[in-house]
Amino acid sequence: MPPNHPVGKDLLSAANISLSDLNDVMRRSSIIKDLDGESSSPANARKIVASIFYQRSTRTKLGFETAALRLGHRTIDAYDPDRNRVGSANGDSFQDHIRTIAQLSDLIVFRHSDEEKCYEVARLSPVPVINGGNGSDEHPTQALIDLFCMLSMNGPVESQSLAISCDSRARYAYSLLLLLKHMPPKRLTFCVDPEMQFSPKTQLALDTLSGLGTHVSLVHDIEACLDHDVLNIQTQDLTSKVKSTLDGGDLASYEEKNPFVITAEKIQRANSNIIILNPLPRQGELDPSCDDLPNARYFEQVKLSVYVRMAVLERMLAGILWTGGNSQSVT
Ligand code: CP
């Protein structure tokens with residue numbers, strides 16, 4: 001029997017977020033930020049937020065748990081030390097595991113390497129589900145956090161230039177593109193390996209932004225991004241073509257010559273005021289020499305992430321539905 005769940009129950013894709021939803025999340029996050037992490041509408045009924053993570057996580061898992069606790073709710077964790085056995089440790093099928101946790105909780109935060117699994121969980125679960133990262137596809141709350149950082153650190157997104165440096169595994173990037181159509185930046189530059197192919201849906205999102213007036217361009221060296229207002233950077237797998245141009249030196253010069261690594265030396269040479277965001281964990285793309293520069297805002301980003309996750313939980317635990325598109329699976 002197909003489930004009869006209300007449309008907009010779940011946050012699986014940034015496509016679920018309409019402009020009014022986005023404005024509401026940004027407004028709530030801003031109020032919570034001004035209250036230094038307190039909620040302006042403390043929960044009058046304690047709810048249970050369940051974490052089901054099939055991939056490792058520090059920020060998303062602990063971020064949602066912290067957000068729930070700050071709102072006065074409680075958390076349960078379906079973590080199994082042997083991650084292969086989550087859901088089957090006690091003999092349950094995946095489906096029975098999800099159905100069981102959905103009966104024990106009021107909301108589920110779910111991460112899985114399989115892009116389709118969060119959609120299955122949402123169909124199985126009568127309680128709302130948040131996609132905490134599905135393979136290389138999406139990470140909608142990370143994108144909300146990135147947008148909130150741009151707004152609170154730099155003002156209206158429409159007046160900003162944004163550079164994104166990542167490869168096609170960066171699940172936050174597609175989610176961010178979907179949100180940016182509600183607040184198109186004046187300029188968007190992708191710093192990518194010359195051989196990288198955008199997926200059709202990423203290309204469509206870029207075309208949509210171009211149609212909205214954003215100046216979209218591609219570059220292949222992080223130094224070409226340093227005149228932007230914001231750099232959102234994540235690690236990139238180098239193709240053999242790029243690798244071959246770096247071979248022959250010692251490790252230090254390899255890191256220095258890697259066009260997708262940001263260092264303090266590069267920032268200072270360009271005399272750049274760029275704000276650097278990174279979803280973390282970093283994997284070499286963000287040299288620790290940057291950490292003491294005023295440009296480095298990625299740990300402040302972690303702090304702001306709790307306010308955004310509080311805003312998302314506040315809405316969803318109050319039964320407020322998402323009114324954007326209702327994508328039911330990865331296409
Ligand atoms: N940014 C992010 O998703 O971090 P985690 O993998 O630690 O959750």
Side-chain angles (χ1 to χ4, degrees), residues 10-14 16-17 25 29 49-70 75-81 83 86 107-115 117-118 121 129-153 162-180 230-237 260 262 275-286 288 290-291 296-313 330:
D10 309 296
L11 178 54
L12 305 179
S13 163
N16 302 143
I17 302 169
V25 173
S29 305
V49 173
S51 303
I52 311 179
F53 277 62
Y54 281 67
Q55 287 185 303
R56 291 183 195 287
S57 169
T58 301
R59 282 144 288 268
T60 308
K61 184 172 180 297
L62 294 183
F64 269 115
E65 290 171 358
T66 303
L69 294 171
R70 280 190 171 272
T75 63
I76 57 172
D77 182 358
Y79 171 77
D80 184 309
R83 284 169 190 276
V86 173
L107 183 145
I108 292 172
V109 186
F110 181 81
R111 173 177 286 187
H112 203 289
S113 58
D114 182 330
E115 298 183 359
K117 282 287 186 199
C118 65
V121 172
V129 176
I130 296 173
N131 173 11
N134 61 327
S136 299
D137 185 46
E138 284 213 50
H139 196 346
T141 57
Q142 183 63 53
L144 285 169
I145 291 159
D146 296 349
L147 212 53
F148 184 63
C149 288
M150 290 180 70
L151 278 167
S152 58
M153 293 173 184
L162 168 66
I164 300 177
S165 177
C166 64
D167 64 23
S168 57
R169 298 165 304 159
R171 52 191 170 199
Y172 76 92
Y174 177 63
S175 296
L176 183 56
L177 292 183
L178 292 179
L179 292 188
L180 285 173
V230 178
L231 169 64
N232 197 324
I233 185 169
Q234 203 179 42
T235 189
Q236 301 208 25
D237 248 357
F260 306 113
I262 184 88
I275 282 174
I276 303 173
L277 301 177
N278 187 309
L280 300 171
R282 58 178 137 183
Q283 290 167 342
E285 74 282 6
L286 179 54
C290 300
D291 293 357
R297 306 291 288 271
Y298 25 92
F299 290 111
E300 185 182 342
Q301 185 182 3
V302 176
K303 180 161 182 137
L304 296 182
S305 75
V306 176
Y307 308 151
V308 177
R309 291 194 161 114
M310 287 172 73
V312 167
L313 289 182
V330 179

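All ligand and atom numbering here is 1-based and tracks the order in the structure. Numbers here simply count residues along the sequence, with the first being 1.
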May I have all residue pairs that pass salt bridge (charged side-chain N to carboxylate O under 4.0 Å, His left out) and include part of residues 297-309, sequence neighbours excluded?
Arg297-Glu300
Check whether the side chains of Ser305 and Arg59 place a donor and an acceptor atom closer than 3.5 Å, and report yes or no.
no
Which protein residues have a heavy atom closer than 4.0 Å to any atom of ligand 1, listed by chain and number?
Ser57, Thr58, Arg59, Thr60, Arg111, His139, Gln142, Pro279, Leu280
Matching residue for Asn278 among Asn232, Leu231, Ile262, Leu286 - test: side-chain contact (heavy atoms from CB on, under 4.5 Å)
Leu286
Does Tyr307 have any ring-ring contact (aromatic ring centres under 6.0 Å, His included) partners at least two apart in sequence or in another chain, and if so, which?
none
Of all residues at least two apart in sequence or in a different chain, which pass the side chain to side chain contact (heavy atoms under 4.5 Å, CB included) check with Gln283?
Thr235, Glu285
Have Ser113 and Gln55 got a donor and an acceptor in their side chains that come within less than 3.5 Å?
no
